[in-house]
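Any value given below was found using the heavy atoms of this structure, including those in side chains, with hydrogens, waters and symmetry copies removed. Since the structure is predicted, the reported quantities are computational estimates derived from the model, not experimental observations.
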Amino acid sequence: MDKKERNKHLNQSLTKSSNKLSTLIITAFILLFMAACSQLSELDSSSPVFRFQKTEDLYRASMRWGEWPNLFQIMRDNPKNKSTGQTSEQVPLKKEDWNRPTEERMIHLSTIKISSVSALSSGMSEEKGEGTTRLLIEYHFDSSVTVLSLRHTLHWWYDKENNAWYTDTPLPKEFDAPKHKTIKLSPKHY
């Protein structure tokens, strides 16, 4: 083979390799683009799944940093419980936990220091508009150095009208203010 034929053959080989490489790059780019689009559709900020994840994140962060008003904003009675006449152990008896907690309650909550909030499990059903989150919370009171831990299960419900998730679970009972004991003294002990 002379030089011209070799160059021609080399050019043809390079052109074929270049075409194959271009095709491979374009195919990889298309596959990557399709994967990214499918991920983005799941992360649509108006989707119930995305809203559920963000509401869970808000709950955990607000509890961790003691931002109690944020928690009260996402605590609501589930209207299904009222309309069906069902009673739920999750619907709190204390209305102070909903929307406008008393000043006394807020002062007490400010004495609780949360050292960690970890999600043990989480799940939701978009069709049913329900979800559950299990948390491990480590905390202590200002007056104590003992770190306590508790497991807390949150039940969530979806409000389609407002495109928002709410929990109908009150704060853990361990966060309640301690009951003051009244000591009655008899006249004999004065």
Side-chain angles (χ1 to χ4, degrees), residues 32-102 104-141 147-177:
L32 221 91
F33 181 75
M34 289 172 49
C37 286
S38 70
Q39 292 296 321
L40 288 176
S41 68
E42 289 177 21
L43 296 178
D44 176 16
S45 64
S46 65
S47 79
V49 174
F50 178 82
R51 296 282 183 154
F52 180 73
Q53 292 169 345
K54 290 301 174 190
T55 305
E56 277 186 317
D57 292 346
L58 173 66
Y59 188 95
R60 285 194 311 270
S62 297
M63 180 166 284
R64 170 62 181 93
W65 299 110
E67 296 188 10
W68 306 106
N70 289 346
L71 288 179
F72 293 122
Q73 289 179 7
I74 56 176
M75 295 171 77
R76 299 265 184 343
D77 284 330
N78 186 341
K80 287 181 185 177
N81 292 338
K82 289 181 183 177
S83 63
T84 60
Q86 296 175 349
T87 57
S88 168
E89 64 186 71
Q90 298 303 325
V91 177
L93 300 174
K94 297 181 221 160
K95 288 299 179 186
E96 65 193 42
D97 278 347
W98 286 174
N99 301 324
R100 293 185 179 171
T102 63
E104 181 182 323
R105 175 91 166 136
M106 291 302 287
I107 291 170
H108 170 69
L109 289 173
S110 71
T111 68
I112 301 171
K113 304 302 177 209
I114 309 294
S115 50
S116 94
V117 179
S118 307
L120 299 174
S121 66
S122 174
M124 57 85 69
S125 168
E126 190 174 349
E127 296 81 35
K128 291 181 180 180
E130 298 174 354
T132 303
T133 305
R134 288 180 182 78
L135 301 175
L136 176 63
I137 303 168
E138 293 182 346
Y139 67 100
H140 69 89
F141 292 95
V147 176
L148 305 167
S149 66
L150 64 92
R151 293 176 189 268
H152 186 54
T153 301
L154 296 165
H155 298 277
W156 300 93
W157 61 275
Y158 182 63
D159 179 0
K160 287 183 183 179
E161 190 175 305
N162 294 313
N163 191 21
W165 285 89
Y166 297 102
T167 181
D168 61 1
T169 308
L171 291 175
K173 66 180 184 249
E174 291 84 353
F175 290 4
D176 288 347

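Asp159 pairs by the salt bridge (Lys or Arg N to Asp or Glu O under 4.0 Å) definition with nothing, not counting sequence neighbours. Remark: Ala61 engages no residue in a side chain to side chain contact (heavy atoms under 4.5 Å, CB included) (not counting sequence neighbours).
The line from OG of Ser116 to CG of Leu135 is 10.0 Å long, rounded to the nearest 0.5 Å. Between the CG atom in Leu58 and the CD1 atom in Ile74 there is a gap of 4.5 Å [rounded to 0.5 Å]. For the atom pair Ser62 OG and Ile114 CD1, the distance stands at 11.5 Å (nearest 0.5 Å). Atom CE in Met106 sits 5.5 Å away from atom CZ in Phe72 (nearest 0.5 Å). In this structure, CD in Glu174 is found 9.0 Å from CG in Leu148, a value given to the nearest 0.5 Å. Taken to the nearest 0.5 Å, the CD atom of Gln53 stands 7.5 Å off from the OG atom of Ser47.
Of all the heavy atoms in Phe175 and Trp68, the pair that sits closest is CE2-CH2, 3.9 Å. Thr133 and Trp156 make their closest contact through OG1-NE1, 2.9 Å (heavy atoms, listed as atom of the first residue, atom of the second, distance). Residues Pro172 and Met63 share a closest heavy-atom pair of CD-CE, 4.4 Å. Heavy atoms only, all atoms of each residue included: Ala119 and Arg60 are closest at CB-NH1, 4.0 Å. Taking each heavy atom of Phe141 and His108 in turn, the nearest pair found is CE2-CE1, 3.9 Å. Taking every heavy atom of both residues into account, Thr169 and Met75 meet most closely at O-CE, 3.4 Å.
The aromatic rings of Tyr166 and Trp157 are tilted relative to each other, their planes meeting at an angle between 30° and 60°.
Here the side chains of Tyr139 and Leu150 are in contact, with some heavy-atom distance below 4.5 Å. The shortest distance between side-chain heavy atoms of Asn70 and Trp65 does not fall below 4.5 Å. With a 4.5 Å cut-off on side-chain heavy atoms, Arg105 and Leu171 count as touching.
The closest donor-acceptor contact from the side chain of Trp165 to the backbone of Pro48 lies under 3.5 Å. Listed for the Arg76 side chain is no donor-acceptor partner under 3.5 Å among the backbone atoms of Thr167.
Side-chain contact of Tyr158 with Asn163: a donor-acceptor pair under 3.5 Å is present, judged by distance alone.
Judged as a salt bridge (charged side-chain N to carboxylate O under 4.0 Å, His left out), the pairs with a partner in residues 110-139 (not counting sequence neighbours) are, in order, Lys113-Asp142.
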